[in-house]
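Whatever order the structure lists them in is the order used to number ligands and atoms, beginning at 1. Each residue takes its place number in the sequence, starting with 1.
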Amino acid sequence: MQPPSPPSAITLLSSFLFLLSLLWSFFLFFQWRQRCHHHHHHKLLPPGSMGWPYLGETLKLYTQSPNTFFSTRQKRYGIIFKTHILGCPSVMISRPEAARAVLVSQAHLFKPTYPPSKEIMIGPEALFFHQGDYHSMLKKLVQSTFLPSTIRGSVSEIEQIVLKFLPTWDNTTINTLEQMKRFAFEVAMLSAFGGGWDIDKERIKHLYQCLEKGYNSMPFNLPGTPFHSAMKARTLLNETLIRVIQNRRESNGEDQGGGLLGVLLRHKDDNLNHLTDSQVADNIIGVIFAAHDTTASVLTWILKYLHDHGHLLDAVTKEQEGIGREILEGKRGLTWEDTRRMPLTSRVIQETLRTSSIVSFTFREAVEEVELEGYIIPKGWKVLPLFRTIHHSPDFFPHPQKFDPSRFEVPPRPNTYMPFGNGVHSCPGSELAKLEILVLLHHLTPTYRWKVVGDDEGIQYCPFPVPKRGLPISVTARINKTKL
Ligand code: HEM
């Protein structure tokens, strides 16, 4: 047996370097802990754990489901706790009054914040990313496009889209989420551009799909990555939209056409300046983005809940049949007034929004040191109102796991129900979303039945929570319309 050889200079050097890096890591770790715990030693940070240096609790957030992540911490620390996710010290809150403070009464102290990659992808001039005058000017324009008094004129166009889609599902197996995305995209395009415009819809749709694939991927802008393809699609989408914008500006004089695009193009500020082409394009892209995945995910959940609760499906069907036989016979179209006479169906939508809470939380950032619930939130920390946790609290919604639309026969306690957010950045599209769901259910429930294919219970994030595999269903005709 050979005697062990003496350690070489290289081995010694690498051991030394290893020790040094270990010491350095300890030093950084303690410094970081110090900063987290004692930065505001005279005032209290919320309770909670900041996890590992740099990584924080990000891995835990991604390895558990977000719901488990929130609920275990809420049980351990209470309705406000600190954590460290996605590289940022963060505070999560699940007390309705605290969420209201962040989103409404002290909204000026909390600005919206998104990862830079998302901002580039949607367009930096879109309203989501702004506060103050620019945001409120745009918000008024977007809101005016989606007010009930404006969208009531779109009922028959939305109905036409529904009637185009439904027969293609007959006697086939469909992926609910995919189909609902296609449907909600058509409605979003209608609201963005107005009806009757000769725009290259297929091209815009294709570019959007590329954009979406990269939107939720790792933001590495290297050739071959989905992020890179998405960035290329974003450039092409921008070029296409700028062409549409310029055509409308040139050919239409004062009119400028319908939809959000028309509203944005007609706007002039006090000095009679118009919005720039890129301000218009970023906001059109942003609104289509905000409008279709959200609505499609909610529609997918509705089909799942109605499938699982046969008595509710029967009751909704009855309500829809009661709206008017002539509509189902194709003798007249659905009207805005008809859609106001669907109380049970509306409660099913409300309960679906609560149970599925597809926008589980939102992000804000403290613009200065703020006191909240007796704790200090340092400047630059992220603050996350947890909508889902509030929606699933037994204090506000007894037996929260139960799908029970009747709970909305009385209005929920103020600030406990926020599927569309709250305050300055709340959703301007809530009425449109509800309207398109009502129109679809009006034609779907009396005419078709569906069965979930496979027994995959569970949730998948794409990026909103949706039933596993997008809920494959087989659809069959319920009655033969000609025999009505
Ligand atoms: C069921 C479907 C929908 C849900 C659940 C939903 C939910 C939300 C929520 C929670 C917010 C607030 C986010 C925050 O505070 O950070 C929001 C904002 C927004 N939503 Fe929706 N939304 C839906 C459909 C739509 C539709 C159909 C449109 C467009 C017509 C739309 C356009 C927007 C826009 C533009 C914002 C940003 C508002 C701002 O920053 O001021 N959404 N949405």
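Within ligand 1, the atoms closer than 4.0 Å to a non-hydrogen atom of K139 are 38 (C), 39 (C), 41 (O), numbered from 1 in the order shown. Near G421, meaning under 4.0 Å from any of its heavy atoms, are these atoms of ligand 1: 10 (C). Residue-ligand proximity, V298 to ligand 1, at heavy-atom distances under 4.0 Å covers atoms 1 (C).
Among all non-hydrogen protein atoms, the one lying nearest atom 32 (C) of ligand 1 is A290 CB, 3.5 Å. Of the protein's heavy atoms, T362 OG1, 2.5 Å lies nearest to atom 16 (O) of ligand 1. For atom 6 (C) of ligand 1, the closest non-hydrogen atom of the protein is F420 CD2, 3.6 Å.
Judged by distance alone, the side chain of T294 and the main-chain N or O of A291 form a donor-acceptor pair under 3.5 Å.
Taking the six-membered ring where the residue is Trp, H292 and F289 present perpendicular rings, their angle passing 60° and hence far from 30°. Ring geometry, Y208 versus F185: the interplanar angle exceeds 60°, so the pair is classed perpendicular (tilted spans 30 to 60°). Relative orientation of the Y114 and F128 rings is perpendicular, given thresholds of 30° and 60° on the angle between their planes.
Remark: among candidates C427, P428, A433, S426, the nearest residue to atom 25 (C) of ligand 1 is C427, based on non-hydrogen atoms. Nearest residue to atom 26 (C) of ligand 1 from S430, A291, S297, S357 is A291 (criterion: closest heavy atom). Nearest to atom 40 (O) of ligand 1 by heavy-atom distance, out of H425, E436, K434, is H425.
F397 carries R354 over the face of its six-membered ring, with the cationic atom under 6.0 Å from the centre and within 45° of the normal. Annotation: cation-pi geometry not satisfied between R413 and Y417 (NZ/CZ under 6.0 angstrom from ring centroid, within 45° of ring axis).
For the pair T294 and ligand 1, the shortest N or O to N or O distance does not fall below 3.5 Å.
A side-chain contact (heavy atoms from CB on, under 4.5 Å) with V280 is found for exactly one of N283, D277, I284, namely I284.
Looking at L103 against ligand 1, nothing comes within 4.0 Å, counting heavy atoms. When heavy-atom distances to ligand 1 are checked against a 4.0 Å cut-off, H135 comes that close only through its side chain, counted from C-beta outward. At a heavy-atom cutoff of 4.0 Å, ligand 1 is contacted by the side chain of R364 but not by its backbone. Contact annotation for F363 and ligand 1: no heavy atom of the residue comes within less than 4.0 Å of the ligand. When non-hydrogen atoms are compared, ligand 1 lies under 4.0 Å from the backbone of P419 (N, CA, C, O) but not from its side chain. At a heavy-atom cutoff of 4.0 Å, ligand 1 is contacted by both the backbone and the side chain of T295.
In plain terms, the two heavy atoms of T300 and G470 that are nearest each other are CG2-O, 3.9 Å. When all heavy atoms of G259 and T145 are compared, the closest pair comes out as C-CG2, 4.0 Å.
For the atom pair CG of L166 and CZ of F183, the computed distance is 8.5 Å after rounding to the nearest 0.5 Å.
Note on ligand 1: V424 sits in its first shell, one or more heavy atoms being nearer than 4.0 Å.
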- Message: Show, in sequence, the C-alpha distance, side-chain angles and deciding distance for H267 and Q279, and conclude whether the side chain to side chain donor-acceptor pair (under 3.5 Å) test is met.
- Response: CA-CA 12 Å; H267 173 75; Q279 284 173 334; over 6 Å; no
